[in-house]
Amino acid sequence: MNGSQGDVDLSVSLLSLHLKNPVMPASGCFSFGKEAASFYDLNVLGAIVVKATTLEERLGNPTPRVAETAAGMLNAIGLQNPGVQRVMAEELPGLRRYPSVPVIVNVAGTAVEDYVAVVKALSTSPDVSAIELNISCPNVKCGGIQFGSDPRLAAAMVRAVKTVATRPVIVKLSPNVTDIVEMAVACEEAGADALTLINTVIGMKIDLEQRRPLLANGSGGLSGPAIKPIAIRMVYEVSRYVNIPVIGVGGIMTGADAIEFLLAGATAVQVGTANFVDPLACPRIIDETREWCVQHGVRSIRELIGVSWRANGR
Amino acid sequence: MNGSQGDVDLSVSLLSLHLKNPVMPASGCFSFGKEAASFYDLNVLGAIVVKATTLEERLGNPTPRVAETAAGMLNAIGLQNPGVQRVMAEELPGLRRYPSVPVIVNVAGTAVEDYVAVVKALSTSPDVSAIELNISCPNVKCGGIQFGSDPRLAAAMVRAVKTVATRPVIVKLSPNVTDIVEMAVACEEAGADALTLINTVIGMKIDLEQRRPLLANGSGGLSGPAIKPIAIRMVYEVSRYVNIPVIGVGGIMTGADAIEFLLAGATAVQVGTANFVDPLACPRIIDETREWCVQHGVRSIRELIGVSWRANGR
Amino acid sequence: MPTVEVYAHETLGKDLHALTFASPIDLRANHCQPGQFLHIRVSRSFDFLLRRPLSLCDADVEHNRLTVVYRVSGEGTRRLAARKPGDLIDVLGPLGQGFPIHDMDRRALLIGGGVGVPPLLELAKQLRASGKSVQTVVGFQTAGQLMLIEELAVYGEVAVMTDDGSAGERGRVTAALTAELCADADRYYACGPSVMLRAVQEEMSGKGVPGYLSLEERMGCGIGICVGCVHPVLRGGKLANAKTCRDGPVFDAQEVVFP
Amino acid sequence: MPTVEVYAHETLGKDLHALTFASPIDLRANHCQPGQFLHIRVSRSFDFLLRRPLSLCDADVEHNRLTVVYRVSGEGTRRLAARKPGDLIDVLGPLGQGFPIHDMDRRALLIGGGVGVPPLLELAKQLRASGKSVQTVVGFQTAGQLMLIEELAVYGEVAVMTDDGSAGERGRVTAALTAELCADADRYYACGPSVMLRAVQEEMSGKGVPGYLSLEERMGCGIGICVGCVHPVLRGGKLANAKTCRDGPVFDAQEVVFP
Ligand SMILES: Cc1cc2nc3c(=O)[nH]c(=O)nc-3n(C[C@H](O)[C@H](O)[C@H](O)COP(=O)(O)OP(=O)(O)OC[C@H]3O[C@@H](n4cnc5c(N)ncnc54)[C@H](O)[C@@H]3O)c2cc1C
Ligand SMILES: Cc1cc2nc3c(=O)[nH]c(=O)nc-3n(C[C@H](O)[C@H](O)[C@H](O)COP(=O)(O)OP(=O)(O)OC[C@H]3O[C@@H](n4cnc5c(N)ncnc54)[C@H](O)[C@@H]3O)c2cc1C
Ligand SMILES: Cc1cc2nc3c(=O)[nH]c(=O)nc-3n(C[C@H](O)[C@H](O)[C@H](O)COP(=O)(O)O)c2cc1C
Ligand SMILES: Cc1cc2nc3c(=O)[nH]c(=O)nc-3n(C[C@H](O)[C@H](O)[C@H](O)COP(=O)(O)O)c2cc1C
Ligand code: FES
Ligand code: FES
């Protein structure tokens, strides 16, 4: 770090939220923040996205739930969480310690009514800045993925949730679709306030000695550097097409990766798997992002958003 | 190598073809074989898949056409090839030197009529053992990808081609779809003799200094170890569902990777990107596959096909 | 992340290594518990994206050094095995909940299997240091895999079992848990593969001896944020999935449920 | 793949290195052409999956060693820069078509820009060895990037241009291609960035001097099987995409088309 870094304005506006920088941990890769808080002061974060919350408590899938792959990992956690009531009572209040950090709650479920009920409950909480609808979890049967792969179902879900939500609703899309732009447009038209792309890519690893899938669940979600090109392409395609902000996620390990997503059109970025490799990943990526701006004479990080396609025209 | 390896039977039957081992170079990653032949005797290969062939000559996309990513690469070649007549006259006859190696010709185009015309032409060639329909090239506008992402279009294409084909028709599927099993079933029902999965995954890389996509084409196809988990999952899902053989491809770098695809349900495998890293990749992978069988007491490699899901029942 | 210097890297046997490195935390200021683990990046390459958990085997408080003993069992540990004294490695920890030592205990029974043996060494050392007597039973597949027997013998008697009878007695560790041996014990401490722990749990609960099990699960993060490493436990009469990295790896044997 | 031993690794300047290694082919039995390239894996890690092309800068036939001179311009070359004498590296080559030397020529003009300069050294050496006179013009952005000037001067006069005038003359290499200089030349040989080559091609074709251009494209395979590295050329009046790795990197300047 050097003195001139004070000159770089890293802040971005995301919906009604002011983020002091565009970097936030991704859902499911930060739990509810308690553990990370023993590594650094969470106040440095642009925002926090907490783990998927469902109506009832869920135990998730049997283990093994994680496996390593080339430049990535597979997970099949299966939405383990204590249910929305306990999340509100036990987990979210701890984040009041970081008043400058908006808290985004990731919501998952099986049926539209589940999602609506969770969002309704969260709408009464003073600790929730925005909702992220997870219609893209590949790891549970009926875990929302059907909403994430059919534009009509997605739109219906968004409309239903929007009728009860008192907070901005961000929809997190699955990359496991033929036409990501179609999905994005359906959600935008149904009233989504922003989009997050991408959730994990469905994958599998076979245990050669056991001669069966390594994960107890069979398949799992691929994350990490391996999927970054897939995420960049989707953020690029979608952000140049829709008029709502896009949050980019997938394989971000460094400040340069975060910059790549901003250039591709993301207004903010989420960091997932990197937190597992390096508990200090988020603050490091924020520092590296600032440093990159200094070195490249960028005064406000907002200058970078979507430049890769703006230059070519739409 | 040691003497006891003679005991392992690596041969597999693929349609009417006898392959002395299940390993073949993937289309577009071997050109037409001439260059590889300066590195080893192509007679060791299970089969050869040559580069996509179109009706007319194509110059392909502008450069840069390739980019490196974490555990992978992007390409946007754009189907450069001399056209089917010159392929038959100038390229295929050279492969007669390897009579024990079936030659599979990858076919691409824009309209159904193109494909039909190319297949018709190839059906007159004595040098063609099978056709691989590339309905999944992500790198050219109208380059077949629309057939690869709509089951009805794919089925129509397969039916049209089957009416003129005098060789087995293998359909190569795109992973960039919501439901790979639906695509596979549509092709099977339309008469496909086998399936190859997967072609590349659409991806993009942004050049941070230029602030625009690194590839001249914008997006490209992701290949290499990064995509192996995606390919394994699709081979697993499809092979347990359809009744025609599946050829697995995506990220194979070692014999263990080839074994993983066989366990997942592939009858044979293709090696793409690995050839770029190591020109001797195919013969090495064949040796490593044999070695793995020796070490695991596998007498015939056919014992392994689909074991990962057979054990669980269908 | 904490990068520390490798002090020594010894080969203890075929594919078996003892890696000693500067402790990422000050051992004089921070107590570390036997049964805790170190979470180690075996390489900076994304080919090995995840850290590998290895149990604390010896804490040298005086020199502020930690030792792990590990078996090369895959590509990651093979990569780790290439590290030389003076190299820097990226180590998180010690992490998790280790084996608690109870003031009132007099006799402890340590039970280890395979790569579950290393944490028993630091445990035996700390138990002896707090005046308890230590009896250890360890099991291996075969003689070639034996490890740390002499080191453990410093702190008490060690019974060795092998599956094939090539060293010690033939049989599983549970076969060594005779009524006589257990009658003496105030508490047992076990670490090893799941099948062993399950058998030990059954055997010892039958004999009425309380104890601890150190569980092994594949880990994503090692710090409690991915929920990848869970194991079912019974808490307050309710089945829950506890994180082995943060709530464990050591659990009260009574609460551990084997699915 | 051919794994060869690093013999020497020198730092020539900031981020500029000369790497010398055992030749993967026997140089006494196989002639290697200036302008050919070596295709080098910078690491075994999949983080750097593709090989990096670096031009042959010096072939030491007597000791069967090759030298490449390269600038650290990204992560891959940074990784390569860490290799030490005695390390093994995976090298393919020399590959491609280099600069042809014509028997009847008497005077050659060598034109290089930036990291296009290294191949000119072996070229100058071979030209001199076959009795031709050599005149070299090299261009760099700034003085700090100069390389191989003294080495080239062994074989003939060297004119230096820099964009900022911090060394030699200020200006592009084309500014140094005076009528006087070129009138003398039977042939020119150029290697450097595309913009330079295009300008050189125009300048020299205007002056009626035949020559060769060594082109740079991103490569997938380096051996002609991926068709990633193409450059447009006019052959038999028809536009074609030639493979720079196998049909090039050196092309007859007349046939090269800049899009
Ligand atoms: C709390 C704990 C303590 C451990 N202590 C020791 C010890 O002291 N000595 C020792 O030799 N081993 C110990 N292990 C097992 C050790 O972690 C694995 O052998 C090691 O991770 C294998 O890595 P690899 O790269 O060689 O294998 P690979 O198969 O290449 O590893 C691939 C992935 O799977 C994980 N993995 C593979 N096998 C295991 C396993 N058995 N347990 C957990 N994760 C696994 C790896 O960590 C990695 O993420 C311990 C495991 C746990 C959970
Ligand atoms: C025929 C040929 C000869 C060359 N000779 C020399 C030489 O003698 N000395 C020298 O310093 N450089 C030379 N270069 C350029 C050199 O190949 C690149 O600087 C190098 O590949 C950059 O790798 P990196 O990992 O540092 O960069 P990264 O940006 O990390 O590389 C990522 C990928 O892009 C490719 N790439 C990046 N820049 C270039 C480039 N300019 N040209 C081709 N591929 C690129 C890399 O090979 C790699 O595949 C030559 C290039 C070619 C095509
Ligand atoms: C272990 C794990 C758990 C995850 N849990 C959730 C979740 O609960 N909800 C969600 O929307 N995404 C979840 N994700 C997806 C991530 O938020 C993110 O979209 C994905 O991992 C890609 O980013 P990365 O490559 O940076 O990890 C999870 C990912 C991982 C690896
Ligand atoms: C440079 C390049 C060119 C390719 N060209 C073709 C092609 O012409 N036809 C085709 O069906 N697939 C083509 N592919 C896809 C490969 O055949 C293969 O399906 C894909 O690369 C995944 O395998 P891999 O990870 O082993 O490379 C190409 C891939 C690459 C990298
Ligand atoms: S390993 Fe991530 S929570 Fe335990
Ligand atoms: S780099 Fe592959 S054909 Fe030239």
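Just so we're on the same page: letters track the sequence lines, and every chain starts at 1.
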Original post:
Hey, are the side chains of B:K228 and A:K205 touching, using non-hydrogen atoms and a 4.5 Å cut-off?
Top reply: no

Subject >> Distance (rounded to the nearest 0.5 Å) between A:L214 CG and B:E260 CD >> reply: 9.0 Å

**OP:** Provide the closest heavy-atom pair for B:L222 versus A:A226 in the form atom of the first, atom of the second, distance.
**Re:** CD2-O, 3.8 Å

Original post:
Do A:I230 and B:I230 come close enough that some side-chain heavy atom pair is under 4.5 Å?
Top reply: yes

Original post:
Sub-3.5 Å donor-acceptor pair from the side chain of A:T178 to the main-chain atoms of B:T178, do we have one?
Top reply: yes

Subject >> Distance (rounded to the nearest 0.5 Å) between A:R211 CZ and B:I259 CD1 >> reply: 8.5 Å

**OP:** Would you mind checking which part of A:A256 comes under 4.5 Å of any heavy atom in chain B, side chain (CB onward), backbone (N, CA, C, O), both or neither?
**Re:** both

Subject >> Between B:G72, B:G251, B:P229, the one whose heavy-atom pairs under 4.5 Å with chain A are most numerous >> reply: B:P229

Original post:
Side chain, backbone, both or neither: which part of B:A67 has an atom under 4.5 Å from a heavy atom of chain A?
Top reply: neither

**OP:** Identify which part of B:Q210 has an atom lying under 4.5 Å from any heavy atom of chain A, answering side chain, backbone, both or neither.
**Re:** neither

**OP:** Measure the CD1-CD1 distance between B:I202 and A:I180 for me, rounded to the nearest 0.5 Å.
**Re:** 11.0 Å

Original post:
About how many Å separate CD1 of A:I227 and CD1 of B:I227, when rounded to the nearest 0.5 Å?
Top reply: 14.0 Å

**OP:** Using a cut-off of under 4.5 Å on heavy-atom pairs, state which of B:I232, B:V235, B:T69 scores highest against chain A.
**Re:** B:I232

Subject >> Side chain / backbone / both / neither for A:L208 at chain B, heavy atoms under 4.5 Å >> reply: both

**OP:** Quick one: closest heavy-atom pair of B:S308 and A:P213, and the distance?
**Re:** O-CD, 3.8 Å

